[in-house]
Structure formats: structure tokens, C-alpha cells
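Shown next, in C-alpha cells, is the structure this report addresses.
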Amino acid sequence: MQNNIFYLLPHSKLPLLISILGTEKFEIIGPQSIDGSIVYEKIENVDQLPWGILDYQWPGIYRLENTDINKAFIFTNGPQALKPYLFRAQELLFEVEKKENKNNKKKLNFIPAKEEAPKLAFIGARACDLAAMAIQDKIFLADTHLDIYYRSRRENLFIIAVNCIRSSANCFCASTGDGPKVTKLYDILMTEIEENFVVQVGTDNGKRIIDQLELSHALPEHIKEADEYVEQAGLQQTKKLPDTNLRNLLFSNLNHPRWNDVAKRCLSCTNCTQVCPTCFCHSSLEQAILDGTKSGHYRVWDSCFTCGHSYIHGRVIRDDTRKRYRQWLTHKLGSWYDQFGTSGCVGCGRCITWCPVGIDITEETYAIYDNQNNDKEIIKEIIK
Amino acid sequence: MNSATKPKIAVHKFSSCDGCQLSFLNTGEDLITLSKLVDIVHFAEAGILSPNEKVDIAFIEGSMTTSEEVERIHKIRENSKYLIAIGACATAGGIQALRNFSNSNVEKWKNKIYERPETINSLPTSTPVSAHVNVDLEIWGCPPSSSQIYTTIRCYLSGVTADIPQDALCLHCKRKNIVCVLVAKGLNCMGPVTKTGCGVLCPSKDRECYNCFGPAENINCLSLGKRFQELDLSNEEISRRFLLINNSAPAFKKWGEYFKKMAHKENII
């Protein structure tokens with residue numbers, strides 16, 4: 001359900017929302033200012049929210065500023081949001097135990113990990129985060145290879161989304177069509193205006209919570225104020241991706257000199273892929289206890305920038321940075337369409353900010369777009 | 001398992017601070033479990049001495065800085081099925097390999113520093129084990145991680161080779177949800193060129209990585225060095241970031257010397 005009722009939630013009633021979520025046995029995750037960044041961690045009261053904190057982002061640089069602006073969600077984003085709560089950075093999948101039976105025969109017992117997930121209320125998911133979650137849903141909830149652990153966490157997730165009222169210098173969600181306005185996948189949606197939030201509900205669960213707050217309806221001027229803030233956030237964005245078929249562009253420029261150029265700057269350090277809210281590559285890790293009677297099989301975040309990622313039967317296929325960066329970009333903006341029917345980029349700008357040397361995905365794509373060495377034969381092949 | 005069938009291991013010390021041997025010993029209950037799985041036949045720090053015994057695995061701590069050590073490492077190689085170098089000294093020559101950069105000034109220093117320099121018999125260089133004998137596996141770090149050492153032994157007992165990650169520290173930092181100190185604070189963190197394995201010790205304590213685990217695979221020291229220039233580090237300072245504990249690891253040596261040369265040029269101008 002998604003309806004057109006707009007409620008007005010005063011800042012002063014935010015503590016009540018938190019306590020209702022607590023009563024409903026939700027573990028509450030919200031944004032906080034930790035270690036010089038906005039980090040989503042467990043919160044217990046509204047004072048922990050980043051009131052008045054502005055983030056400034058440039059390629060390879062992230063800084064916070066404390067202001068006396070009376071808003072909790074005036075920041076844009078931090079390195080992570082929803083992804084680590086759904087697709088865990090390290091997750092036990094199964095354990096193996098070595099047992100001896102009555103006839104002294106050794107046997108291996110495989111014990112799958114339990115699919116237990118706490119009820120989680122996530123406050124502050126943005127349009128890009130939800131667009132990315134929709135993409136990860138396609139990956140982890142596909143019928144053909146359903147991930148039961150992701151599913152149980154996803155089913156227990158209650159989303160309080162927040163519309164962006166500001167964009168950073170690295171945001172480009174308007175150009176990918178994923179933001180700044182939240183349009184889907186929320187239980188509750190809030191837009192922060194002066195002293196209040198304009199609130200909408202997206203699900204019955206969301207409505208049930210909001211009903212308990214006994215809110216009045218927002219007035220047209222509140223709704224107008226909220227719309228203007230969000231519109232303004234979109235207009236603030238200066239970065240964009242080329243408005244073209246990016247898949248064909250990149251695959252017809254596989255030998256473009258720009259790949260060599262970016263390889264000179266790229267550290268192959270994996271940061272872009274780790275902060276990307278859609279990147280889903282992982283590897284497995286076997287951890288045996290010392291006496292060898294038990295072993296845990298873990299799934300851990302991996303990256304197409306590691307040698308292990310393309311290590312196949314005795315050799316590393318992508319043995320240099322040029323090949324690795326090209327793999328990342330052509331997958332993200334190109335073959336992602338073939339795999340999932342969508343782009344793998346939601347315009348959050350995290351890969352630009354958290355790249356230690358500030359490599360900019362939009363700049364790299366434009367460098368190829370503006371100086372294409374299209375191979376007609378290759379294009380024919382791709383379009384087929 | 002009775003003692004006759006238990007694999008034998010030895011832990012040998014060369015030029016080093018003994019810290020790697022402590023990584024071996026500081027494991028609590030696991031040390032007791034280990035003693036049931038293997039026969040530790042030689043381990044000076046633990047008080048067990050039988051340096052010439054034939055063993056399944058010899059762990060080597062320390063670098064080669066005297067002719068006696070060079071001779072000894074060859075003997076150990078002959079006596080060992082597997083030879084595993086542990087720690088920055090054994091894998092890269094250690095902090096003492098800074099002497100390698102001094103164009104044989106070692107003799108001069110010796111005479112200045114020691115009362116009886118004639119009693120000191122040291123080579124002009126400090127070199128890793130791999131410069132002298134074939135090494136089966138290297139476990140980097142200053143000190144190396146106890147968990148990597150024990151995992152290696154477990155893997156040997158199970159008949160497989162341990163997989164020591166060669167990825168950059170950044171991968172681990174992100175997995176642990178630690179905010180990047182380079183991007184958010186402008187610290188000159190060596191994480192992007194440093195092998196993971198420490199458990200992200202420094203960045204998780206709000207400090208920059210200083211590369212004690214040596215170079216990761218497929219690194220770009222020039223690009224990181226240029227980033228440090230933007231962070232207002234002088235070329236001399238950048239050079240020192242590379243020429244520290246793993247100064248003689250080939251990648252760090254090359255780029256440390258590169259930035260040193262740049263600094264030198266500036267001084268001339």
C-alpha cells in the first residue's frame with residue numbers, strides 16, 4: 001500500500017517514534033557521527049542522531065561540519081548504509097564437524113548456519129540506498145539462487161526512509177534516475193522541514209506504527225516546503241553519467257587508452273567496490289579450529305580488484321589494474337543490464353568519495369564517451 | 001597420535017627482536033593444543049634446544065646479517081621438509097635492512113659506536129631468508145599474526161597449503177566497517193599498498209597504517225605517493241613511509257628510493 005496521506009511529525013515527537021519501535025521489539029539502526037563520518041549503528045535515543053551535521057564530499061575527501069542547523073538528516077551519506085545489514089561483510093554459512101561413530105568410522109557432519117535475523121528498524125535509508133537494495137534483492141532473492149540468510153534479514157527489515165534535502169558534490173542520483181526522491185520500498189518515508197517531518201506511509205506495518213503516534217495531517221505549505229527541499233537537492237547535483245547506452249559505449253571501447261590512464265592512478269585497493277551499495281562479489285573462507293575437528297565456512301566480501309577474484313585454475317585472469325578497473329566499470333554500467341536488466345550504479349557517489357586517490361566514475365565514463373574509438377564490428381557483435 | 005607419528009617442528013631465531021616467537025607463544029590454550037598435535041623440537045624462546053634435528057616444518061624468524069647465519073640457514077634448509085619465513089625480518093630483511101641503503105658505511109658506524117668493533121662480524125647487508133635458500137611460504141608482518149601461523153600449521157596437518165591473503169588492508173577495513181582515515185581525516189595511511197593480516201589494528205584505533213605487513217599484491221605506490229604529496233607530505237617524508245619496517249621489500253624499496261631521489265633533487269635546487 002502506498003497512499004497520498006501526508007502527516008506532520010514534529011521533531012518533538014521523534015522520541016515517541018523511537019520508543020514505539022522499541023516497544024515493538026525492533027533493534028533500531030540510525031545514522032550517527034562516528035570517527036569523522038556518518039555511520040549507521042544501533043541507536044537508543046534521538047540525541048544520537050547527527051543533529052546539525054553537514055558532510056562535505058569531494059573525490060577522495062570526506063569531511064563533517066558541526067552547525068547549529070536544527071535538522072537531523074541534513075547530511076547526505078556516509079561510506080555505508082543498508083548493505084552491511086543485509087549482505088553481511090562476513091557470514092557463517094555452515095560448519096563441518098568430524099565425528100567418530102560407534103564402529104570407529106570417521107564421518108563429517110555438515111551443519112547449516114541458522115537463518116536468524118533480528119527485527120531491524122533502519123532509520124535514514126535514502127533513495128540511492130533503496131534503489132541499491134532493489135538491485136541486491138534481484139541478486140539474493142532470485143528464485144534460481146535464493147539466499148535464505150539475506151531473505152530472513154530482508155523480511156525482518158522495517159525501513160524508515162528519508163528524502164534527501166541536500167546533495168553532496170559527488171551525488172549524481174538524479175542522472176541515474178534513482179533519486180533524490182524516495183519512491184519505493186519504504187515502510188515510512190520522512191522529509192525533514194523546519195521543526196517537523198512530512199511523513200508518508202508505504203506499508204500496513206508503517207501505517208500501524210504511524211497511527212500510534214496520533215499525528216495531524218500536514219498542511220499544503222508543509223508538503224510544498226518538503227517538495228522544494230527535495231527538488232533543490234536534485235538541482236544541486238553537478239555530476240552525471242553520459243546520457244547514452246553505456247553498455248554499448250563501454251563494450252565498444254575495450255581498448256580505449258583511458259583504461260591505461262586510469263590504471264596509472266587506481267590503487268586496486270578495493271575501496272570503491274566495498275562502499276558500492278550494489279557490489280555483491282564475495283569469496284569463501286574456511287576456518288578450521290586447531291585440532292582439526294571442526295571448521296567454519298564463511299562468505300566474505302570480495303572485490304573484482306583482488307587477484308583471488310579472477311584466479312581460475314592456476315592463473316589470475318585479470319592480472320593488472322587496467323583489466324580490473326575495466327572489469328568493474330564494464331560490469332557496473334554494462335553487463336549488469338544483461339545480468340539483471342538494470343544498471344549497477346545508483347548515483348550515490350560513494351566510489352568517488354571513498355577512493356583514496358579520488359577516481360571519479362562519471363569522469364572516467366565521460367572520458368571514454370567524449371573520445372570514442374568505436375569499433376563498428378564490435379558494436380554489431382554487442383547489439384546482436 | 002603417539003609421539004613417533006607426530007610431525008616435528010622447529011622455530012629458529014636469526015637477527016630479530018624475538019617478537020615473532022612471541023606471536024607463536026601468545027596463543028593461550030591453542031599452544032597446549034599445538035603441543036599435542038606436533039613435537040616442538042627446537043624453540044629457543046620457549047627453552048627447547050635441538051637446532052640440528054630433522055623436522056617437518058622449520059619456522060624462521062629474523063634476517064641474515066652475519067656469515068654464521070647464512071651458513072646456518074643452509075643447514076636448516078637441508079634438515080627441513082618445509083621452511084616457512086615469519087615476520088618482517090625473515091621476509092624482507094626487517095628494519096635493520098636500512099643498512100642496505102648506506103653504501104657500506106657500516107664499517108664506519110661500527111667503529112664509532114662500539115668499544116671493540118673488531119669483535120663484531122656482520123655482513124654489509126641484512127637480507128631475507130629467500131635471498132639464501134628456497135622458502136616454501138612467507139608469513140609477513142611485524143609481528144606476524146598468531147592466527148596466520150597457527151592456520152598454516154593446521155593446513156599442513158590437513159595436507160593443504162595455507163592461503164595467506166595478499167589483498168590490500170583496505171578490503172579488511174571496509175569489511176569491519178572502519179571509517180577510512182585517509183579519506184575522512186587526511187592521514188597518510190599506507191593501507192592501500194599494504195598486505196592485510198593484522199586485523200586492521202591501526203585504522204581501528206584511529207591511526208594510519210604504517211605497512212608492517214609488507215606490500216600487498218598489484219599495488220600502485222606512485223599513485224599513493226602522489227596522493228600523499230597532495231596531503232602536504234614532503235618527498236622525504238613519503239620516502240620514509242615506504243622505507244620503514246619493510247624497507248627492502250622490492251616494491252617499497254623501489255618507490256621509497258624514488259621519492260628520496262625527488263627529495264634530493266629539491267634540496268639541490
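Both backbone and side-chain heavy atoms feed into the values below; hydrogens, waters and symmetry mates do not. Proteins get letters first, then strands, A, B, ... in listed order; numbering begins at 1 in each.
- A salt bridge links B:K185 with B:D206: the distance from a Lys NZ or Arg NE/NH1/NH2 to an Asp or Glu carboxylate oxygen falls below 4.0 Å.
- Contacts with chain A were tallied for B:K176, B:Q166, B:E217; B:E217 has the most, counting heavy-atom pairs under 4.5 Å.
- Taking chain B as the reference chain and counting heavy-atom pairs below 4.5 Å, the highest number among A:Q80, A:R324, A:Q90 is found for A:R324.
- In this structure, A:W301 contributes its side chain and A:R88 its backbone to a donor-acceptor pair below 3.5 Å.
- In terms of heavy-atom pairs under 4.5 angstrom with chain B, the leader among A:G308, A:G60, A:C355, A:G36 is A:G60.
- Side chain of A:Q32 to backbone of A:K42: a donor-acceptor contact under 3.5 angstrom is found.
- Contact count against chain A (heavy-atom pairs under 4.5 Å) is highest for B:R175 among B:E230, B:R175, B:R227.
- For B:Y82, the OH atom is loosely surrounded, since the number of other residues' heavy atoms within 6.0 Å does not exceed 12.
- For chain B, no part of A:L285 is nearby; none of its heavy atoms comes within less than 4.5 Å.
- At a threshold of 4.0 Å, the pair B:K13-B:E45 does not count as salt-bridged, since none of the basic side-chain nitrogens sits closer than that to a carboxylate oxygen.
- Using a 4.5 Å cut-off between heavy atoms, A:D319 touches chain B through its backbone atoms (N, CA, C, O) alone.
- The SG atom of A:C304 sits 7.0 Å away from atom CZ of A:R318, with the distance rounded to the nearest 0.5 Å.
- Only the side chain of B:N177 comes within contact range of chain A, with at least one heavy atom under 4.5 Å from a heavy atom of that chain.
- For the pair A:R350 and A:F172, the NZ or CZ position fails the cation-pi test of under 6.0 Å to the six-membered ring centre and within 45 degrees of the ring normal.
- Ranked by heavy-atom pairs under 4.5 Å with chain A, the first of B:V179, B:N218, B:T33, B:D30 is B:N218.
- Both the backbone and the side chain of A:T353 have a heavy atom closer than 4.5 Å to some heavy atom of chain B.
- Note on B:E138 versus B:K195: no salt bridge recorded, every NZ/NE/NH1/NH2 to OD/OE distance being 4.0 Å or above.
- Heavy-atom pairs under 4.5 Å with chain B peak, among A:Q57, A:R63, A:Q274, at A:R63.
- With a 4.5 angstrom heavy-atom cutoff, A:E41 touches chain B only via side-chain atoms.
- With a 4.5 Å cut-off on non-hydrogen atoms, B:L34 touches chain A through its backbone and its side chain both.
- Note that CG of A:L93 is 13.0 Å distant from CZ of A:F110, once rounded to the nearest 0.5 Å.
- Residues A:F87 and A:F280 keep their aromatic ring centres 6.0 Å or farther apart.
- Side-chain contact between A:Y85 and A:Y40 is present, with at least one heavy-atom pair separated by less than 4.5 Å.
- Residue A:P84: no heavy atom, backbone or side chain, is found under 4.5 Å from chain B.
- Most heavy-atom pairs under 4.5 Å with chain B, from the set A:D320, A:L64, A:L290: that is A:L290.
- Contacts of A:V357 with chain B are made by both backbone and side-chain atoms, with heavy-atom separations under 4.5 Å.
- Between chain B and the residues A:S37, A:P79, A:P356, the most heavy-atom pairs under 4.5 angstrom are made by A:P356.
- Between chain A and the options B:C221, B:C170, B:S147, B:C189, heavy-atom pairs under 4.5 Å are most frequent for B:C170.
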